[in-house]
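Read through the structure below, which is laid out as structure tokens, and then see the notes.
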Amino acid sequence: MAVINSPLPEKEREIAGRALQATLVDLLDLSLLAKQAHWNLYGPRFRSIHLQLDEVVASARDFADTVAERAAALGVSPDGRADTIAAGTRLSAFPPGWRKDTEAVEDLVQVFAVVIREVRARIAETADADQVTQDLLIGLAAELEKQSWMFQAENRT
């Protein structure tokens, strides 16, 4: 039973819905991984990276909310449950325990690379189906690429 009527035809709604759900999973997992790194960080750049990780968490959660609300607006029920994230993530888990600042930064660089690659693929997938969703994903990609650049710059000498 449809609770919310979609403004899109069924096929386009399904394409946009799949892209939004996969993006929601990526963003929620990104927020969890960044918080894990935040809690287990050590090293001479602790404070600056610790704060930068909080920015990633806040940004990922804000975008996750925007993505979930877009899905809901299309009549697609967003699913951010822990088991859904665990089953659907494409992101690699971080090693358990303490992480040196340089290692944590490199972990985040790798995570951003995967998320950006996936979001860019979804931009292409939604081009004909729903330009509003595509636009949301384009804005998200720009923000992710900015954060990735900042983390990459942390470990370059």
Side-chain angles (χ1 to χ4, degrees), residues 1-41 48-95 104-154:
M1 172 177 123
V3 175
I4 305 299
N5 293 322
S6 176
L8 297 176
E10 185 65 21
K11 179 182 175 193
E12 285 80 5
R13 184 186 69 82
E14 288 176 8
I15 292 167
R18 278 192 306 271
L20 290 164
Q21 179 59 42
T23 303
L24 178 61
V25 166
D26 287 349
L27 290 169
L28 292 173
D29 199 19
L30 171 61
S31 75
L32 293 170
L33 290 171
K35 199 50 126 167
Q36 179 68 19
H38 170 90
W39 292 325
N40 287 284
L41 185 69
S48 64
I49 294 172
H50 186 78
L51 295 173
Q52 190 175 0
L53 288 164
D54 266 344
E55 292 172 10
V56 171
V57 171
S59 179
R61 288 180 180 168
D62 285 346
F63 265 112
D65 190 53
T66 300
V67 165
E69 289 176 354
R70 176 67 187 153
L74 294 177
V76 176
S77 175
D79 188 351
R81 296 171 300 157
D83 59 334
T84 302
I85 297 166
T89 190
R90 291 177 177 85
L91 307 181
S92 298
F94 285 176
V105 165
E106 195 53 41
D107 292 340
L108 260 292
V109 167
Q110 297 306 314
V111 166
F112 275 119
V114 173
V115 176
I116 291 165
R117 181 188 73 229
E118 296 297 326
V119 168
R120 281 185 161 273
R122 293 177 199 127
I123 289 168
E125 292 167 8
T126 57
D128 294 328
D130 181 23
Q131 293 175 339
V132 175
T133 295
Q134 183 191 42
D135 183 60
L136 186 155
L137 296 173
I138 290 169
L140 172 59
E143 179 62 25
L144 291 168
E145 290 171 2
K146 176 182 166 187
Q147 290 180 0
S148 175
W149 153 59
M150 290 181 177
F151 274 96
Q152 288 179 55
E154 287 282 346

Across all chains, not counting sequence neighbours, the side-chain hydrogen bond (donor to acceptor under 3.5 Å, both in side chains) partners of Ser59 are Gln147
Work out which heavy atom in [X] is nearest to a heavy atom in [Y]; give both atom names and the distance.
X: Leu24; Y: Gly80; result: CD2-N, 4.3 Å
X: Ala104; Y: Leu41; result: CB-CD1, 3.6 Å
X: Glu154; Y: Val105; result: CB-CG1, 3.8 Å
X: Ala34; Y: Val56; result: CB-CG1, 3.8 Å
X: Ala16; Y: Thr126; result: CA-CG2, 4.3 Å
X: Leu20; Y: Val67; result: O-CG1, 3.2 Å

Looking at Glu145 and Arg120, is any side-chain nitrogen of the basic one under 4.0 Å from a carboxylate oxygen of the acidic one? yes
Between Lys11 and Glu14, is the closest basic N to carboxylate O distance under 4.0 Å?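 Judged by the 4.0 Å cut-off on N to carboxylate O distance, Glu14 and Lys11 do not form a salt bridge.
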Do the side-chain N and O atoms of Ser148 and Gln152 include a donor-acceptor pair separated by under 3.5 angstrom? yes
Which atom pairs, donor and acceptor, lie under 3.5 Å between side-chain atoms of residues 72-79 and protein residues at least two apart or in another chain?
unit_1: Asp79; atom_1: OD1; unit_2: Arg81; atom_2: N; d: 3.1
unit_1: Asp79; atom_1: OD1; unit_2: Arg81; atom_2: NE; d: 2.8
unit_1: Asp79; atom_1: OD1; unit_2: Thr84; atom_2: OG1; d: 3.0
unit_1: Asp79; atom_1: OD2; unit_2: Arg81; atom_2: NE; d: 3.4
unit_1: Asp79; atom_1: OD2; unit_2: Arg81; atom_2: NH2; d: 2.7
unit_1: Asp79; atom_1: OD2; unit_2: Thr84; atom_2: OG1; d: 2.8

Point-to-point distance, once rounded to the nearest 0.5 Å, from [atom1] of [X] to [atom2] of [Y]:
X: Leu32; Y: Phe94; atom1: CG; atom2: CZ; result: 10.5 Å
X: Phe112; Y: Met150; atom1: CZ; atom2: CE; result: 10.0 Å
X: Leu53; Y: Leu108; atom1: CG; atom2: CG; result: 5.5 Å
X: Ser6; Y: Glu12; atom1: OG; atom2: CD; result: 9.0 Å
X: His50; Y: Trp39; atom1: NE2; atom2: CH2; result: 10.5 Å
X: Asp107; Y: Gln36; atom1: CG; atom2: CD; result: 10.5 Å

Side chain of Ser31, backbone of Leu28: donor and acceptor closer than 3.5 Å?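 Judged by distance alone, yes, a pair lies under 3.5 Å.
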Side chain Asp29, main chain Val25, donor-acceptor under 3.5 Å: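 It does not hold such a pair.
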Do Asp54 and His38 come within less than 4.5 Å of each other through their side chains, counting heavy atoms only? yes
What I'd like to find out is whether the side chain of Glu118 reaches to under 4.5 Å of the side chain of Thr23, using heavy atoms alone.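 Of all side-chain heavy-atom pairs linking Thr23 with Glu118, none is under 4.5 Å.
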Steps toward side chain to side chain contact (heavy atoms under 4.5 Å, CB included) verdict (Phe63, Asp26): CA-CA 11 Å; Phe63 265 112; Asp26 287 349; over 6 Å; no
With Ile123, which of Leu136, Leu137, Leu140 fulfils side chain to side chain contact (heavy atoms under 4.5 Å, CB included)?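 Answer to the side chain to side chain contact (heavy atoms under 4.5 Å, CB included) test with Ile123 among Leu136, Leu137, Leu140: Leu137.
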Within a reach of under 6.0 Å around CD of Gln131, are more than 12 heavy atoms found that belong to other residues, nucleotides or ligands? no
Heavy-atom neighbours of Asp128 CG exceed 12 at 6.0 Å: no
Identify which one of Arg18, Arg122, Arg70 satisfies the salt bridge (Lys or Arg N to Asp or Glu O under 4.0 Å) criterion when paired with Asp130. Arg70
